[in-house]
There are 4 protein chains.
Amino acid sequence: MFKKTTDTKADILKVALQLFLQKGYKNVSYQDIVKKTGLSKGAIYHYFTSKEDLLASVFTFLLSTTGQPDTEGLENRVKDIESFRKVFIRTKTEQIKGFTELTGDPSIKFNKVLFFLEAINESEELKKVIRELMQTEIEFLKRCFLSLKNHGQLPQGKDAVVLAENLYWILQGKETLMLFMPDEIIAGSFIKMYHKTVKDFFKNL
Amino acid sequence: MFKKTTDTKADILKVALQLFLQKGYKNVSYQDIVKKTGLSKGAIYHYFTSKEDLLASVFTFLLSTTGQPDTEGLENRVKDIESFRKVFIRTKTEQIKGFTELTGDPSIKFNKVLFFLEAINESEELKKVIRELMQTEIEFLKRCFLSLKNHGQLPQGKDAVVLAENLYWILQGKETLMLFMPDEIIAGSFIKMYHKTVKDFFKNL
Amino acid sequence: MFKKTTDTKADILKVALQLFLQKGYKNVSYQDIVKKTGLSKGAIYHYFTSKEDLLASVFTFLLSTTGQPDTEGLENRVKDIESFRKVFIRTKTEQIKGFTELTGDPSIKFNKVLFFLEAINESEELKKVIRELMQTEIEFLKRCFLSLKNHGQLPQGKDAVVLAENLYWILQGKETLMLFMPDEIIAGSFIKMYHKTVKDFFKNL
Amino acid sequence: MFKKTTDTKADILKVALQLFLQKGYKNVSYQDIVKKTGLSKGAIYHYFTSKEDLLASVFTFLLSTTGQPDTEGLENRVKDIESFRKVFIRTKTEQIKGFTELTGDPSIKFNKVLFFLEAINESEELKKVIRELMQTEIEFLKRCFLSLKNHGQLPQGKDAVVLAENLYWILQGKETLMLFMPDEIIAGSFIKMYHKTVKDFFKNL
DNA sequence: AATGAATGAGCGTTCATTCAT
DNA sequence: AATGAATGAACGCTCATTCAT
C-alpha cells in the first residue's frame, strides 16, 4: 500500500549514483536528480542535508552493495593455478554484475574513475575508505597466492606476497587502459581481460 | 626592456597549471586565476578564447615541458639490471624535477590525478594524447628489457615485452597508492619507491 | 490568503513588458527586472528558462490581452460610412486602452516599435505571428468595406478589398509618423488621428 | 602609392554599415568590425571616438550616398499617370541600386529596419533627420501629384496633397510587409511591388 | 513526507574603451 | 597612422540551499 521511506531514499541514492557515474559528481546538479527521480528538490533535502552528504551516502551505498570477496575455505578452493583462476574470475564476475545492475548500465565508462576521484577529493575520509578497499582486494589475492605456495604451486624463490601485489597492480593498470579507450566497454570485456592477464602472468612466472 | 607577450601568456599558463593541479579544473574559477596572476579577466580572454581553450593549452604546455625519455644509444647503456636501474631512475628523476619546477611545488598531490581525469573528461582528444603518452613510457621500458634480453640478462623463457608492461603497471599502481596516502608526498619519495619496486621486481623474476 | 504562483509570473511578465517597451529588449537586463520586481534573479529563472523565453512569453501575453476586433454581426453594424467610423474607432479605442493599461503608461512611445522589431529579430517564429496579426487587422477592415459595398455605400468601380488594404497602410503610416515625433504622444492623440484619417479617406474617395 | 586617410575611414564606415544592416547595431561588436576590416581596434578608435560616434557617422554616410529624388523640371516630366510612373520607378530604382551597392548585398533584409530603429533610439537627433527624410519623399510625391493635377490628370474633387501622402504610406506599408516575409527579398522585387501598387492606386482612384 | 517558490553568490563570457608603444 | 595588451563593468545564467506550506 504505502511506499516506505527507505524506498524513496534508496531511489534517490540509486539515481544519484547513476548520474554521478555517468557525468561526474560536479557535473550533476540537483535539477538532474529532480528530473530523474520525479521528486522535488525539497524531498531530496529531506533525506540528505547537502550535496556532499548525498555524495558520501551514495559512496557508502555503492561500497556496501559491492560484493566483498568470499574468503570462506579459500585454502581448499585454491589448490592450483587453474582453480585459482576460477575462483578469482567468479569473484570479479560477481562484483561487476553487482556494479552494472546498480548503475543500470551494462557498460563501464571512463567517468567511473572520474567520479571516484572527485568523491575522494571532497573528503579525506574517503581516501581512507578507498585505501582499505584496495587493501582488502590485495589481501584476498595474497591469501590465494599463499594457498598456492602451500600447495607447492609456485616456483622456488618466489615471494607469494610480492606476486599478489604485482598481479593486483597489473590488473588495475589494464583496467585503466581499457577505460581510456574511445569505445564503450561492456562489462564482459573486463572478464576476458582478467582471464588473459592471469594466464599470461603465470605463464611468465 | 618591456614585458613580452609570450611572458604574459606563459605566466597565465603557469598559474593556471598550478591552480588546476592544486584544486582540480572545475574548482578553479577565473576569479582565482585573476587573483593569482594579478591580471584582469579580460586579459586572460585576450590570450585564451575560453576556459576549455585554457585547459587544452595548459595541458599541451605541461606535456611539452615534461621531458621525454632519452632513448639515444639505449642498447649500450642498458647492459645489465644495475645499469637499467640507473638509466630508469635518472629518467624518472628528471621528469619529476621538471614537473615540480613547473608547479612550483616540491610535493606531488592526489589532485594531480584528479586534474588529469577532469581534463581528459572534457575532450575525447585528450584521451588519445594520454594513451599515446602511456605508450611512449611503455615503449621505453620495452626497449630496455629487449636490450637486457640481448645481453643475456633475462632468465630463460621470459618474454621481455610482457615483463616491460608488467613493470610499468606495477610502478603506476604504487604511484597511485602513494597519492592516496593522507600525508603530503615529496618528490623524493617517488624516486625511493621506484628504486625499491624495480629491485623487488628483478629479485622475484 | 497567499500569493499565488500565477501572480508572481504575471508580475514578472508585466514588469518585463513595461521595461521592454521603455528601453527595448536588448537594453533591458535581468538586473533591471530584478530591481523593478523586487524578486531575485533566481526567481525569474524559476518561471522563465531564459531571456528569450521571457521575451516570447511577454509577447504572447501582450497579444493575448490585446483585444481582437469584434466581428459579431458586423454586416448589420456597418451600414454606412458614419457607422463604420464608429465601429472602427471603438475597436481601436479598446485596443489602445488595453495596451496602455498593460504598460501602465498613458503615452505610446517610439520604443514600442523598436521592441517589436527586436523581438521579431530574435525568432523567425514571431515574424509569422506578426504577419498573421496584420492579416487579422486587414481582414477586419475588408469585412467592413465589403459590408459598405453591400449597402451601396462605395462609389461605382471601387474595389472594397483594395480600399481596405490601402486604409490599413495609411493608418499604419500615420501611426509611425506620430511615433517619430519628438514629444510624448498620449493615447488619445492616436484616436484623433484615426478619426481624421478615416474622414479624409472617404472624402477623397 | 600611399593609402589615404579617407580611404581607411571610408573602409571602416562601409564595413560597419554592412554589419549594422546585417545584424543590427547592438549585435555588432568591435570584434566583428576588426575581423572584417582587418584593422586593429585602436585604428578604429583613431577615426571614431566611440561606437555611438561610429553609428552616427555611418548613418550620415548612408544618407549622403542615398540619392535624393531629382526634382529638376519635374512639372514637364510628369504629365500623365504613365510618365509619373516612369519617373517614380526610375527614382526608386536608383535609390535601391545605390543602397545595395553600398551594402554589397543585392537583397534587402528585415534587419535593415531594425538597424534604423536602433540608430534612432540612440539619439533624438536622428529622429529629426529621419522625419525630414520622410518629408522629402512625401514632398517629391506631392509635387508629382500637383503636376498631374495641373495637367488635368486627376479626377474632379481629388486632393493632390492627400493622394500623395496616401500613396506614400501605402508603399511604405507594402515595403514593410515584404520585409516580414520569411524568404530573402532581392532588390528587384521591390521595384515590381512599386509598379503594381502605383498601378492599382490609380486604377482605384 | 513532500512541494516548489525564492534566494543570492558565483560562474564563464562579452564588450566598449584606454593607452603605451 | 596603427597596434594590440589590458581593463573592468556588466551580462545571461546555474547552482546549492532555505523555508513556508
Side-chain angles (χ1 to χ4, degrees), chain A residues 2-5 7-9 26-34 37-54, chain B residues 2-9 26-34 37-54, chain C residues 1-9 12 26-34 37-54, chain D residues 2-5 7-9 26-34 37-54:
Chain A
F2 302 102
K3 245 201 165 184
K4 295 216 302 289
T5 289
D7 283 346
T8 306
K9 198 168 179 178
K26 282 268 166 189
N27 295 322
V28 173
S29 70
Y30 272 85
Q31 190 61 263
D32 296 325
I33 301 171
V34 160
T37 54
L39 292 165
S40 68
K41 270 184 188 178
I44 296 159
Y45 271 93
H46 183 73
Y47 291 103
F48 306 97
T49 62
S50 67
K51 204 186 168 191
E52 212 176 327
D53 178 30
L54 178 57
Chain B
F2 301 104
K3 248 206 164 185
K4 295 216 302 289
T5 288
T6 35
D7 284 346
T8 306
K9 198 168 179 180
K26 284 264 167 190
N27 295 323
V28 174
S29 71
Y30 270 85
Q31 190 64 316
D32 296 327
I33 301 172
V34 161
T37 54
L39 291 165
S40 67
K41 264 185 194 184
I44 296 159
Y45 272 93
H46 184 70
Y47 292 102
F48 305 96
T49 61
S50 66
K51 205 187 168 191
E52 212 176 325
D53 178 31
L54 178 57
Chain C
M1 290 303 274
F2 302 103
K3 245 200 166 189
K4 294 217 301 291
T5 288
T6 36
D7 284 345
T8 307
K9 198 168 181 179
I12 298 170
K26 283 265 168 188
N27 295 322
V28 173
S29 72
Y30 270 85
Q31 189 65 306
D32 294 327
I33 301 172
V34 161
T37 55
L39 291 166
S40 66
K41 262 185 198 183
I44 296 159
Y45 273 95
H46 184 70
Y47 292 102
F48 306 97
T49 61
S50 66
K51 204 187 168 191
E52 212 177 326
D53 178 31
L54 178 58
Chain D
F2 302 103
K3 245 202 164 185
K4 296 217 302 290
T5 288
D7 282 347
T8 306
K9 196 167 180 180
K26 281 267 166 189
N27 295 323
V28 173
S29 70
Y30 272 85
Q31 191 59 265
D32 296 325
I33 301 171
V34 160
T37 54
L39 292 165
S40 69
K41 270 184 189 180
I44 296 158
Y45 271 94
H46 183 72
Y47 292 104
F48 305 97
T49 61
S50 67
K51 205 186 167 190
E52 213 176 325
D53 177 31
L54 178 58

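What you see is a predicted model; the values in this text were computed from it and never measured. Reminder, nothing fancy here: chain letters follow the sequence lines and each chain counts from 1.
Checking the phosphate oxygens (OP1, OP2) of F:dA2, a side-chain nitrogen or oxygen of D:T8 falls inside 4.0 Å. The side chain of C:S29 places an N or O atom within less than 4.0 Å of a non-bridging phosphate oxygen (OP1 or OP2) of F:dC11.
Between B:K9 atom NZ and F:dG4 atom C1' there is a gap of 14 Å when expressed in whole angstrom units. In this entry the distance linking CZ of D:F48 with P of E:dT18 reads 16 Å, nearest Å. The CD1-P distance, from C:I44 to E:dG4, rounds to 20 Å in whole Å. Put simply, OH on A:Y45 is 17 Å from P on F:dA20, counting in whole angstrom units. Counting to the nearest Å, the C1' atom of F:dT7 and the CD1 atom of B:I33 are 17 Å from each other. C:K41 places its NZ atom 17 Å from the C1' atom of F:dA16, with the value rounded to the nearest Å. E:dG12 atom C1' lies 20 Å from atom OH of B:Y47, rounded to whole Å. Distance CD (C:Q31) to P (F:dC13): 14 Å, rounded to an integer number of Å.
The nucleotide E:dT21 finds its pairing partner in F:dA2, both defining distances of the Watson-Crick or G-U wobble pair being shorter than 3.5 Å. Summarising the base pairing, F:dC15 is matched to E:dG8 through a Watson-Crick or G-U wobble pair whose two defining distances lie under 3.5 Å.
In terms of modelled atom types and a separation under 3.5 Å, the side chain of A:K26 and the main chain of B:N27 share no donor-acceptor contact.
Atoms CD1 and CD1, from D:I44 and D:I33 in turn, are 5.5 Å apart once rounded to the nearest 0.5 Å. C:I12 contributes atom CD1, which lies 5.5 Å from atom CZ of C:F48 (distance to the nearest 0.5 angstrom). The structure places CG of B:L39 at 8.0 Å from OH of B:Y47, a figure rounded to the nearest 0.5 Å. For the atom pair OH of C:Y45 and CG of C:D53, the computed distance is 10.0 Å after rounding to the nearest 0.5 Å.
In the set E:dT7, F:dT17, F:dA2, F:dA2 carries the atom at the smallest distance from any side-chain atom of D:S40.
Each of C:G38 and B:S50 lies near DNA chain E, and the nucleotide nearest C:G38 is the one positioned closer to the 5' end. Two residues, A:K26 and B:A43, neighbour DNA chain F, and the one matched to the more 5' nucleotide by heavy-atom proximity is B:A43.
Using a 4.0 Å heavy-atom distance criterion, C:Y30 is classed as a sugar-phosphate-only contact. Counting any heavy atom pair closer than 4.0 Å across all strands shown, A:V34 reaches no nucleic acid atom.
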